[in-house]
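Residue numbers run from 1 in the order of the sequence given. Small disclaimer: the values here were computed from a predicted structure and weren't measured.
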Amino acid sequence: MTYTGDVTVGGPADVRQLPALSIAKLAVGPFDNNAYLLRCAETGDGLLIDAAAEADRLLALVDEQPISTIVTTHQHGDHWQALEQVAKVTGAQVIAHPLDAPALPVQPARLVEHGDRITVGEITLEVIHLRGHTPGSIALLYDGGETIKHLFTGDSLFPGGVGNTWDDAERFTQLYTDVAERVFDRLPDETWVYPGHGKDTTLGAERPSLPEWKARGW
């Protein structure tokens, strides 16, 4: 089956198999959050992005294979409702940005900044700090030397625009600038975007709309 990224709460995960990494996308909870389970093909080690809700379904996705890490993309409660239980059951270390870490129900074992690296087995992910939706929002980039790069954006970038900044002009300007400079200016159109809610997109699909986003202010 071809990966589409179209998932629904209560439905099965959609799985994308890359040469060195598998990506399983699962929709959970009342806010239709996306959780992503990344597994290194070489070692079987796993990393979960956003233990958002429905711990039982996330643990079923993990199954009996180990995960070493849970990354929380930002501090909003809909992205960590299952964090405490999943971390306890799996023993995985929790990672977050220091500006958002105090709001989490679990004290992160590791704090990461812009440009840091996170490993899962033989796989390396780059941390991209995108300020504005929250002070410590982060995205994770998997390059892997492949044609298509893979970017997990939390609530900072979606199909159709950047994340919510609640009509705060300063926060919008910061988020738009970070997304433009740290994402669009350096990554190719083929980059696949995995957001914190809803459907996936690519940078190429969104790039023509950047001037519109800037002009409208959201």
Side-chain angles (χ1 to χ4, degrees), residues 5 25 27 29 31-36 48-53 70-81 83 94-106 108 110-118 125-143 149-189 191-218:
K25 178 181 181 179
F31 297 99
D32 195 12
N33 286 75
N34 296 325
Y36 299 93
L48 181 67
I49 300 174
D50 285 344
I70 303 170
V71 177
T72 301
T73 59
H74 64 288
Q75 64 176 273
H76 288 156
D78 60 310
H79 288 260
W80 52 253
Q81 290 300 307
L83 177 59
V94 175
I95 294 178
H97 190 279
L99 293 178
D100 278 16
L104 305 184
V106 176
R110 181 185 172 195
L111 301 174
V112 291
E113 301 277 2
H114 180 67
D116 284 349
R117 300 293 194 272
I118 298 172
L125 305 170
E126 178 189 343
V127 176
I128 301 176
H129 187 194
L130 299 173
R131 300 157 291 187
H133 181 66
T134 67
S137 288
I138 57 174
L140 297 178
L141 174 65
Y142 170 60
D143 186 338
K149 303 180 191 301
H150 303 267
L151 183 66
F152 302 86
T153 57
D155 283 1
S156 293
L157 177 63
F158 295 97
V162 297
N164 195 345
T165 51
W166 293 273
D167 297 320
D168 184 317
E170 184 176 352
R171 287 173 64 178
F172 170 77
T173 299
Q174 180 67 79
L175 180 55
Y176 177 86
T177 300
D178 277 1
V179 167
E181 294 180 351
R182 298 182 175 186
V183 174
F184 282 94
D185 285 356
R186 60 168 292 212
L187 298 175
D189 284 351
T191 302
W192 196 277
V193 176
Y194 305 82
H197 304 264
K199 295 185 176 184
D200 299 355
T201 187
T202 64
L203 293 188
E206 306 303 323
R207 194 182 300 275
S209 300
L210 283 170
E212 175 191 343
W213 300 353
K214 185 176 183 180
R216 76 190 186 193
W218 56 272

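- Listed by first then second residue, pairs satisfying salt bridge (Lys or Arg N to Asp or Glu O under 4.0 Å) with a partner in residues 204-218 read Asp189-Arg207, Glu212-Arg216, not counting sequence neighbours.
- Within the 4.5 Å cutoff, no side-chain heavy atoms of Val183 are placed close to those of Thr153.
- A donor-acceptor contact shorter than 3.5 Å links the side chain of Trp80 to the backbone of Gln75.
- In this structure, NE2 on His197 lies 8.5 Å from CZ on Phe31, to the nearest 0.5 angstrom.
- Arg117 contributes a side-chain N or O that, together with a main-chain N or O of Gly115, makes up a donor-acceptor pair within less than 3.5 Å.
- You'll find the side chain of Asp178 stays beyond 4.5 Å of the side chain of His114, heavy atoms only.
- You'll find the side chain of Phe184 reaches within 4.5 Å of the side chain of Val179, heavy atoms only.
- Side-chain contact between Ile118 and Val127 is present, with at least one heavy-atom pair separated by less than 4.5 Å.
- Atoms NE2 and OG1, from His76 and Thr134 in turn, are 6.0 Å apart once rounded to the nearest 0.5 Å.
- Within the model, atoms CG of Leu203 and CG of Asp185 stand 11.0 Å from one another, a figure rounded to the nearest 0.5 Å.
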Query - Ile70 vs Ile95, side chain to side chain contact (heavy atoms under 4.5 Å, CB included): CA-CA, chis, key distance, verdict - result: CA-CA 6 Å; Ile70 303 170; Ile95 294 178; over 6 Å; no
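- Between Arg110 and Asp116 there is a side-chain heavy-atom pair separated by less than 4.5 Å.
- For Leu151 against Ala139, the heavy-atom pair with the smallest separation is CD1-CB, 4.1 Å.
- Annotation for Leu175 and Gly132: closest pair CB-CA, 4.0 Å, computed over non-hydrogen atoms.
- Residues Thr73 and His79 form a side-chain contact, since some pair of their non-hydrogen atoms from C-beta on lies under 4.5 Å apart.
- With a 4.5 Å cut-off on side-chain heavy atoms, Val94 and Leu83 count as touching.
- The shortest heavy-atom contact between His133 and Gly163 is ND1-C, 4.2 Å.
- Between Tyr194 and Phe152, the ring-plane angle classifies as parallel under the 30° and 60° cut-offs.
- Remark: the backbone N or O of Pro135 is not paired with any side-chain donor or acceptor of His74 at under 3.5 angstrom.
- Across all their heavy atoms, Trp192 and Thr202 have their closest contact at CE3-CG2, 3.9 Å.
- Atoms CH2 and CH2, on Trp213 and Trp218 in that order, are 10.5 Å from each other to the nearest 0.5 Å.
- Nearest heavy-atom pair, Ala35 versus Leu48, reported as atom, atom and distance to 0.1 Å: CB-CD1, 4.4 Å.
- For the side chain to side chain contact (heavy atoms under 4.5 Å, CB included) test with Pro195, the passing option among Thr201, Asp200, Leu157 is Asp200; the others fail.
- Looking only at distances, a side-chain donor or acceptor of His97 sits under 3.5 Å from a matching main-chain atom of Leu99.
- Nearest heavy-atom pair, Asp100 versus Ser137, reported as atom, atom and distance to 0.1 Å: OD2-N, 3.8 Å.
- Thr191 places a side-chain N or O within donor-acceptor distance of the main-chain N or O of Pro188, the cut-off being under 3.5 Å.
- Side-chain contact between Ile138 and Val71 is present, with heavy atoms from C-beta onward closer than 4.5 Å.
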